[in-house]
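First comes the structure, then the notes that go with it.
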Amino acid sequence: MSENLSNLLKEDRRFEPPAELAENANVTAATYEEAAADRLGFWAKQAERLSWGEPFSEVLDWSNPPFAKWFVGGTLNVAYNCVDRHVKAGNGDRVAFHFVGEPGDTRDLTYAELKDEVSQAANALIELGVKTGDRVAIYMPMIPEAVIAMLACARLGAPHTVVFGGFSSDALASRVQDCQAKVIITSDGGYRRGAPSALKPAVDQAVTRCPDVEHVLVVRRTGQDLGEDGWTEGRDVWWHDVVGSASTEHTPEMFDAEHPLYVMYTSGTTGKPKGILHTSGGYLTQTAYTFWATFDHKPETDIFWCTADIGWVTGHSYIVYGPTANGATQVLYEGTPDTPHKGRWWEIIAEKGVTTFYTAPTAIRSCMKWGKEIPEKFDLSSLRLLGSVGESINPEAYVWYRENIGGGSAPIVDTWWQTETGGHMISPMPGVTASKPGSAMLGVPGIEVAVVDNDGNKVENGGGGLLVITEPWPAMLRTIWGDDQRYKDTYWSRFPDHGYYFAGDGAKLDDDGDIWLLGRVDDVMNVSGHRLSTTEIESALVSHPKVAEAAVVGAADETTGQAVCAFVILREEAGDGGADIVQELRNHVAKEIGPIAKPRQVMVVPELPKTRSGKIMRRLLRDVAEHREVGDVTTLADSSVMNLIQDGLQTDKAE
Ligand code: ATP
Ligand code: MG
């Protein structure tokens with residue numbers, strides 16, 4: 001059992017669902033029973049949320065694992081499901097998106113308007129030569145046209161690949177090359193931290209290396225001067241010219257349930273991003289169902305806001321596909337949380353009456369760092385449900401979120417899932433689960449997950465190990481684009497006899513059998529024969545009142561094999577933390593979770609290295625802790641952060 005991860009952190013706080021929410025909840029205890037009794041039957045029933053052309057004849061074909069086919073023989077049009085049918089049902093006047101631009105411009109887009117614009121964009125793409133099966137790259141800020149572009153591609157059966165607008169032209173070029181996109185949809189620029197920031201020049205640069213690209217379709221957002229060389233006649237076309245003049249009539253074609261919907265590259269936290277392929281029927285079924293279930297969504301009264309960028313899978317599944325398949329009303333915000341001031345998010349929630357808010361732990365910890373006085377200035381009473389995604393949420397950050405944003409009563413759904421899984425896999429159900437801060441709790445109804453040891457045996461309650469998914473699920477990735485072998489090797493080769501999908505994450509079961517995510521298995525530390533996860537030690541550090549963020553890594557150590565090295569960011573009100581801060585934090589960890597986890601070193605840093613989606617890149621910190629040249633930083637949000645950290649350390653002999 002020494003192979004297994006240590007279970008160090010104890011957490012006794014528990015939050016029951018509010019009575020009113022539980023009474024009217026979409027998901028009840030009976031839903032779990034129903035799904036357990038007949039899993040495939042349950043998913044067949046969830047597929048009825050969608051409108052199908054031909055009905056499917058088989059729920060799951062798993063005759064050639066790990067290549068799954070869901071809803072075999074069924075046909076559908078994803079865009080029709082997300083847009084047209086709501087208009088047909090008489091809800092055309094419902095707002096699909098309350099768009100808020102960073103400079104303060106706003107635009108409300110109803111489902112009827114969305115239908116017209118998606119149809120126009122689809123007609124324009126046809127004009128530009130896009131056919132079913134062609135790939136289209138989308139490189140845009142968070143503006144309504146980005147969503148419209150994605151839905152227009154879906155309407156044509158032309159798989160999109162959305163590349164985060166903050167990425168460099170190199171990153172764009174490599175993704176466009178990898179999936180051989182024929183058209184790139186972009187904008188002149190977007191607004192970022194109070195200023196226009198150009199996008200088109202990066203596309204121009206990328207296209208010189210992408211011979212397959214025939215057209216670049218450009219939305220005018222900022223009105224920036226593109227310069228003499230900034231426009232290539234014949235190749236470049238303005239959105240307002242070709243989309244604006246196109247017909248609002250377009251008849252959607254039905255595609256096979258397994259028709260490719262998009263390729264999305266992973267965040268790249270652990271290395272080179274992988275092009276994850278998602279298809280249509282299963283993906284839309286699971287995202288539509290989980291959006292409805294996890295967020296207890298009520299389309300008539302809820303206003304949902306997911307702060308993720310559409311360049312990440314969270315933006316795909318919980319801005320574009322899941323919510324619109326449910327006819328939801330959402331906020332779409334272009335900018336950053338601190339522009340023009342640090343209360344911008346809370347101001348928007350108050351203004352738009354947001355009921356359901358979905359963000360990442362890294363953002364919550366930033367808000368903790370800035371102080372609770374900021375959200376206190378705004379009326380957040382419309383919020384009834386909060387969500388978290390991207391990393392484990394530290395118990396302290398969870399409680400801060402619940403108290404200061406959720407008014408002490410809104411439940412938090414901590415949703416574990418991956419680009420690869422397409423939709424939520426482990427999460428509390430807000431009307432059923434008595435949640436524990438820091439735990440993602442249980443598999444969602446219809447999903448089978450387990451924590452296993454190295455041999456694939458399920459661990460007992462109280463034990464730690466590897467997180468696996470034991471049965472195929474509708475929104476699962478179908479392969480890595482163009483590389484079936486890498487798909488098999490990466491996800492299915494760890495437990496070939498069991499046929500488990502290996503997620504790459506460590507997890508533990510508590511005494512009640514609830515699941516706690518413990519971080520990446522690659523980041524596990526081995527200290528004097530104990531296998532320690534990053535998450536628990538980080539959570540212990542964040543529970544100290546002076547700490548806002550923490551990252552720990554294992555560094556080679558002569559006596560213990562590896563030693564725990566911690567990097568921390570202090571809260572603003574803590575100043576420099578005082579002369580004894582290092583000792584104070586080391587002792588705090590020893591007291592909270594035990595002497596074995598006591599960091600050898602604690603380094604106070606101004607920032608941590610994060611990916612563009614806000615995840616901490618521990619492998620770079622490991623390089624620092626082991627005094628190596630820092631490795632590949634291309635997926636880092638801000639590459640100067642590593643210099644900041646190293647410069648700081650030279651003057652600070654932390655012991
Ligand atoms: P790459 O696979 O390229 O290294 P990535 O894993 O960061 O990138 P994503 O698919 O965006 O790319 O992230 C999925 C990962 O995020 C999960 O495997 C897990 O490590 C982490 N994660 C997501 N949600 C949660 C959560 N609620 N609790 C704990 N960890 C989470
Ligand atoms: Mg991953």
Minimum heavy-atom distance [X]-[Y], with the two atoms named:
X: L620; Y: V630; value: CD2-CG1, 3.6 Å
X: A440; Y: I426; value: O-CG2, 3.4 Å
X: V163; Y: F167; value: CG1-CD1, 3.8 Å
X: S366; Y: E549; value: OG-OE2, 4.5 Å
X: V568; Y: V602; value: CG2-CG1, 4.1 Å
X: V624; Y: M642; value: CG2-CE, 3.5 Å

Which of these passes side-chain contact (heavy atoms from CB on, under 4.5 Å) with L466: N454, V451, L5?
N454

For [X] and [Y], which I'm curious about, is there any donor-acceptor pair between the side chains at under 3.5 Å?
X: K274; Y: T490; answer: no
X: S435; Y: T433; answer: no
X: E396; Y: H544; answer: no
X: S528; Y: T560; answer: no

Any side-chain heavy atom of [X] sitting closer than 4.5 Å to one from [Y]?
X: I480; Y: L277; answer: no
X: L518; Y: T534; answer: no
X: K436; Y: M441; answer: yes
X: E629; Y: D623; answer: no
X: Q286; Y: M425; answer: yes

Please confirm whether the ring centroid of W481 lies under 6.0 Å from the ring centroid of Y265.
no

Y500 and W492 aromatic centres sub-6.0 Å
no

Against D338, only a single residue in R344, K369, R193, R192 fulfils salt bridge (charged side-chain N to carboxylate O under 4.0 Å, His left out); can you say which?
R193

As a test of understanding, state which of E11, E536, E460 forms a salt bridge (charged side-chain N to carboxylate O under 4.0 Å, His left out) with K508.
E536

With a cut-off of under 6.0 Å to the ring centre and 45° to the axis, is R365 in cation-pi contact with Y401?
no

Considering residues at least two apart in sequence or located in another chain, which fulfil the salt bridge (charged side-chain N to carboxylate O under 4.0 Å, His left out) criterion with R612?
none

Residues [X] and [Y] bridged, charged N to O under 4.0 Å:
X: D512; Y: R14; value: yes
X: E403; Y: K372; value: no
X: R619; Y: D523; value: no

Dump the intermediate steps for side chain to side chain contact (heavy atoms under 4.5 Å, CB included) on H316 and V162, then the final yes or no.
CA-CA 9 Å; H316 283 52; V162 183; 3.5 Å; yes

The complete set of ring pair (Phe, Tyr, Trp, His ring centres under 6.0 Å) pairs with one or both residues in residues 447-471, sequence neighbours excluded, reads none

Under the side chain to side chain donor-acceptor pair (under 3.5 Å) test, which residues partner [X], sequence neighbours left out?
X: S388; result: none
X: S317; result: Y283
X: D170; result: R209
X: Y358; result: T415, W417, H424

[atom2] on [Y] to [atom1] on [X], rounded to 0.5 Å:
X: T419; Y: L477; atom1: OG1; atom2: CG; result: 9.5 Å
X: I447; Y: L442; atom1: CD1; atom2: CG; result: 13.0 Å
X: I319; Y: C306; atom1: CD1; atom2: SG; result: 4.0 Å
X: K591; Y: R586; atom1: NZ; atom2: CZ; result: 15.5 Å

Could you go through V413 and L386, starting from their C-alpha distance and side-chain angles, then the distance that decides it, and tell me whether this counts as side chain to side chain contact (heavy atoms under 4.5 Å, CB included)?
CA-CA 6 Å; V413 286; L386 303 174; over 6 Å; no

Start with the C-alpha gap between T479 and D484, add the side-chain angles, then the distance that decides, and say whether side chain to side chain donor-acceptor pair (under 3.5 Å) holds.
CA-CA 6 Å; T479 190; D484 287 350; 2.7 Å; yes

The test is ring-ring contact (aromatic ring centres under 6.0 Å, His included); show your working for F67 and W62 and say whether it passes.
CA-CA 7 Å; F67 300 96; W62 192 234; 8.7 Å; no

Please confirm whether the backbone N or O of G513 pairs with a side-chain atom of D510, one donor and one acceptor, at under 3.5 Å?
yes

Out of the candidates W346, Y318, F295, F357, only one should pair with W305 under the ring-ring contact (aromatic ring centres under 6.0 Å, His included) rule; please name it.
F357

Going through the distances and angles, do I616 and E391 end up as a side chain to side chain contact (heavy atoms under 4.5 Å, CB included)?
CA-CA 9 Å; I616 298 169; E391 290 177 287; 4.0 Å; yes

Let's go through V582 and Q601 carefully: what are the C-alpha distance in whole Å and the side-chain angles of both, what is the deciding distance for side chain to side chain contact (heavy atoms under 4.5 Å, CB included) to 0.1 Å, and is it a yes or a no?
CA-CA 8 Å; V582 167; Q601 253 179 310; over 6 Å; no

